[in-house]
Every structure is written in structure tokens, then in C-alpha cells.
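The block underneath contains the structure these notes are about, expressed in C-alpha cells.
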Protein chains: 2
Amino acid sequence: MKNRAKPTNRQGGAVTAEKLREEAARLFWEKGYAATTTREIAESLGVQRASIYYHIESKEELLYDLCVESLRNIRSAVATAVADKSDPLDRVRAMIRAHVVSMLEDREKHATMLTELRALSAPRRAEIVRLRDEYESLVRAIVSEAQEAGVLWKEASAKELELALLNLLNWTIFWYRTDGELSPEDLAKLFEKIYLGGVART
Amino acid sequence: MKNRAKPTNRQGGAVTAEKLREEAARLFWEKGYAATTTREIAESLGVQRASIYYHIESKEELLYDLCVESLRNIRSAVATAVADKSDPLDRVRAMIRAHVVSMLEDREKHATMLTELRALSAPRRAEIVRLRDEYESLVRAIVSEAQEAGVLWKEASAKELELALLNLLNWTIFWYRTDGELSPEDLAKLFEKIYLGGVART
DNA sequence: GTCTATATTAGGATAGAC
DNA sequence: GTCTATCCTAATATAGAC
């Protein structure tokens with residue numbers, strides 16, 4: 001057996017920028033960005049501290065890339081989910097489902113993006129805020145269309161309804177457990193029912 | 001003029017544990033607990049770094065005290081608000097109002113408590129989790145009573161309805177601005193309407 | 001692509017004077 | 001109750017060998 005390309009790390013494969021980002025997302029979510037050290041990231045991957053700098057320029061780059069990926073993923077999930085729906089209420093339902101499922105299936109990344117924005121330097125933060133605003137515009141447009149079609153309240157603005165919806169969905173990252181009773185789909189159904197119909201018995 | 005007790009800091013008064021906690025809450029919320037340095041806290045108060053250790057034992061103590069205070073305040077606000085109501089639906093409404101107003105009027109403290117728990121050492125974290133669970137039990141009891149009285153859904157459990165309610169309310173800390181269009185009371189009314197009645201036009 | 005070794009700075013906390 | 005001075009550790013990142 002030739003020993004070329006024999007890795008000395010414990011993960012079996014070469015450390016790639018991809019693996020780095022995965023592990024970073026996990027640790028950033030577990031301990032927070034500022035409290036996570038590059039030492040820990042390297043240790044988790046079974047390599048020396050210096051080795052990770054072959055793949056990345058800085059710790060902040062890991063956070064930035066992760067935020068970009070998170071926002072691209074959720075935006076694309078929602079856009080795809082509503083693409084083949086024309087009924088305004090169906091589009092709202094599809095959006096809720098896609099947002100919740102996408103968010104919870106890649107929870108570490110989305111949670112980090114949603115809560116660690118302030119750790120980025122000003123230029124990178126501005127870029128992420130721009131992407132986030134773009135996503136919020138998509139959500140708001142879907143809400144607004146439903147209002148115009150007469151199937152959602154008009155007593156509140158599209159902005160207010162959008163913020164309330166994201167409130168209801170996003171906080172889930174803080175308590176959702178993969179080993180819990182409710183699947184992402186179950187939660188999406190619950191939130192859809194509550195958002196559209198409320199919890200009061202009629 | 002005698003110059004005894006003349007403070008050299010820029011704040012005009014003596015630095016007290018109270019002022020320390022206020023400033024810490026502000027900075028912890030602005031930059032996160034781990035990214036906030038004791039140097040910055042001292043600088044904001046106009047004193048030398050060493051001086052703050054006369055009032056506290058460690059940076060972590062600031063976070064812990066702040067979490068305890070936050071949970072005591074919101075619990076007491078909600079308990080007081082529902083105390084004189086007997087109608088189950090009125091109690092739910094009063095709880096929403098008190099939670100939102102209390103949370104937003106002392107936003108830095110509550111936000112820090114809600115998001116920086118993981119920075120505490122295990123014993124202190126356990127203590128805060130216990131207080132938080134106590135508060136959640138109060139919320140759940142109010143929801144549960146309303147279900148038993150037949151005025152809220154029973155298709156979902158009290159736990160699910162409680163989690164969904166706190167979702168809807170808590171995420172507000174991430175976007176609420178004191179200079180925005182909506183007051184805490186306005187937001188409480190909006191959330192009350194959405195939570196109980198949903199946003200679909202009937 | 002990963003290693004050893006290290007430069008460099010920052011951060012929490014303490015000692016002891018006033 | 002605050003100051004100056006400093007200890008000590010931990011952290012990001014780089015240099016250069018293999």
C-alpha cells in the first residue's frame with residue numbers, strides 16, 4: 001500500500017473548506033462565534049491549529065461564508081416552493097413550510113446566521129444584511145399579494161404581518177430538538193394553523 | 001468645598017453594582033457577552049479597569065445577575081397582570097401584554113438573558129434554566145386553563161401553544177426599535193390579535 | 001496539505017498604594 | 001472606592017520545514 005496522501009487527521013478524509021465550515025457552524029452554534037476558538041475548530045477536525053489557515057483566511061471568513069450559504073439556501077427553498085403555486089393562500093402555506101423545514105434541517109447554519117451577524121466587520125455585515133433584506137422582501141411580497149387578493153387582513157401592514165410571521169417561525173431554532181416529538185413538517189403545520197387561524201376556539 | 005468622595009469618573013456619580021449591570025447589559029446586547037471586554041465596560045463608566053473588581057467578582061457574575069433580574073422582572077410583571085383577571089381569555093391577553101411590554105422596556109437585559117445563557121458556567125446556567133422553566137410553567141398554566149375553559153384549541157398541547165406564543169413574542173427583541181412606528185403596547189395588541197384570531201380574513 | 005514553532009496582541013483578574 | 005502597574009493565560013495568525 002502506497003502511503004501518498006495519507007492524512008494524519010482523525011476524520012479519515014482531507015480537511016476541506018467545506019468540512020471546516022460544517023464544523024465551524026456546529027461550534028459557533030454551540031458556544032457562540034466569539035467564544036469559539038480556532039484551536040477548538042482545528043482540534044475537532046483532528047489537525048493542528050495552523051493547518052486550517054491553508055483553507056481559510058480568517059475565522060471571520062468562516063462566519064461570513066456560512067451566513068451567505070444560509071441565506072441563499074433558505075431563499076432558494078422558499079422561491080422553489082412557491083414557484084408552482086398560484087393561489088395566494090397556498091403560496092403563504094408553501095412559504096411557511098419551506099422556511100421552517102429549510103431552517104430546521106440546517107439549523108446550526110441558520111441559527112448562527114440569525115444570531116451572530118453583529119460579529120462581522122462592517123463591510124461583510126452590510127453584505128449579509130443586504131441578502132437578508134432581499135429574503136425578507138420575498139416573504140413580504142407573498143404576504144402582500146395575499147392581502148391584495150383579500151385573503152389576509154389589511155388592518156395591519158404587509159411589513160407587520162411579515163415580521164410577526166418570521167417571529168413565529170424563527171424563534172424555533174432556540175428550542176427545537178431533532179430528538180423531540182415534533183418533526184419540522186409537524187411544526188410547519190402547527191405554525192401555519194396558528195398564523196392563519198389563531199388559537200382561539202370559534 | 002471639601003473634596004472628599006470626589007469621583008474621578010465621567011458619569012458624575014459613584015460606580016455602583018447597579019450602574020455596572022446597566023452598562024454591562026447595554027454592551028452585552030450590543031456586541032455579545034464573549035465579545036465584550038471588561039476593559040470596555042470600565043471605559044464606558046469612565047473608570048480604570050481594576051476599579052470594577054471592587055464591585056463584582058467576575059465578568060460572568062454580571063451576566064448571571066442580569067439574567068436573574070430579567071427573569072424575576074418578567075415573571076412578576078406577568079403574575080401581577082393576570083392577578084386581578086378571572087376570565088381565561090382576559091388572562092391570556094393580559095399575559096401577552098405584560099410579557100411584551102416588560103420585555104421591550106428593558107430590552108437589553110431580557111435579550112441578553114434570552115440569548116447568552118450558554119456563556120454561563122454549568123452551575124449558574126442550571127440556576128437560570130430553572131428560573132426560566134418556572135416562568136414558562138406560569139405561561140403554560142395560563143394557556144392550559146384557557147384550553148380547559150374551552151376558549152382555546154385543544155388540538156395542540158398546552159406546551160405547543162405556549163412555545164408558539166413565546167416564539168411570536170420573543171423574536172421581537174431582534175428588530176424592535178424604540179424610535180420605530182410601533183410602541184410596545186401596539187405590538188402587544190397586534191400579537192394578541194394574531195395569536196388568538198390568526199391573520200386570515202374570514 | 002499538514003506540521004512545529006513562534007510572533008504578537010488582547011483579555012481577565014490581582015497587588016498594593018492612596 | 002479608585003488608582004497604577006502588572007501577572008498570566010489564551011487567542012489569532014504567520015513562517016518556514018517536510
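Everything numeric here is computed off the predicted structure, so don't read it as measured data. Letters A, B, ... are given to chains in the order of the sequence lines, protein chains preceding strands, and every chain is numbered from 1.
Summarising the geometry, the separation between CD1 on A/I56 and P on C/dG1 is reported as 15 Å, rounded to the nearest angstrom. Going from atom NZ of B/K31 over to atom C1' of C/dA10 covers 12 Å, rounded to whole Å. Atom NE2 of A/H55 is separated from atom P of D/dA13 by 15 Å (rounded to the nearest Å). Going from atom CD of A/E43 over to atom P of C/dC3 covers 12 Å, rounded to whole Å. What separates CD1 of B/I41 from P of C/dG12 is a distance of 8 Å, to the nearest Å.
Side-chain atoms of B/L66 and B/E108, non-hydrogen and from C-beta on, never get closer than 4.5 Å to each other.
Of the candidates D/dC3, C/dT2, D/dA11, D/dC3 carries the atom nearest the B/V47 side chain, counting heavy atoms from C-beta on. Nearest nucleotide to the side chain of A/Q48, out of C/dC3, D/dA11, C/dG12: C/dC3. The side chain of B/T37 lies closest to C/dG11, out of C/dG11, D/dG1, C/dG1.
Across the interface with DNA chain C, nearest-nucleotide mapping of A/Y54 and B/A35 shows A/Y54 to be the residue nearer the 5′ end.
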At a cut-off of 3.5 Å, list every protein nitrogen or oxygen paired with a nitrogen or oxygen from nucleotides 13-16 of chain C, distance to 0.1 Å.
residue, atom, partner, partner atom, Å
C/dA13, OP2, B/Y53, OH, 3.1
C/dA13, OP2, B/K59, N, 3.0

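Sorted by first and then second residue, the ring-ring contact (aromatic ring centres under 6.0 Å, His included) pairs involving residues 102-135 of chain B (not counting sequence neighbours) are B/H99-B/Y135. Every pair passing side-chain hydrogen bond (donor to acceptor under 3.5 Å, both in side chains) that includes a residue from residues 111-121 of chain A is listed here, sequence neighbours excluded: A/E60-A/S121, A/E116-B/R118, A/R118-B/E116.
Applying the side chain to side chain contact (heavy atoms under 4.5 Å, CB included) rule to B/E160 yields the partners A/L182, A/L190, B/A156, B/S157; only residues at least two apart in sequence or on another chain are considered. Shown here are the ring pair (Phe, Tyr, Trp, His ring centres under 6.0 Å) partners of A/F174, two or more places apart in sequence or in another chain: A/W171. Qualifying side chain to side chain contact (heavy atoms under 4.5 Å, CB included) partners for A/A94, counting only residues two or more places apart in sequence or in other chains: A/A81, A/V82, A/K85.
As judged by a 4.0 angstrom heavy-atom cut-off over every strand, B/T36 is placed among residues touching the sugar-phosphate backbone only.
Distances shorter than 4.0 Å separate none of the side-chain N or O atoms of B/S51 from OP1 or OP2 on D/dG1.
With salt bridges taken as basic N to acidic carboxylate O contacts below 4.0 Å, none links B/E23 and B/K19.
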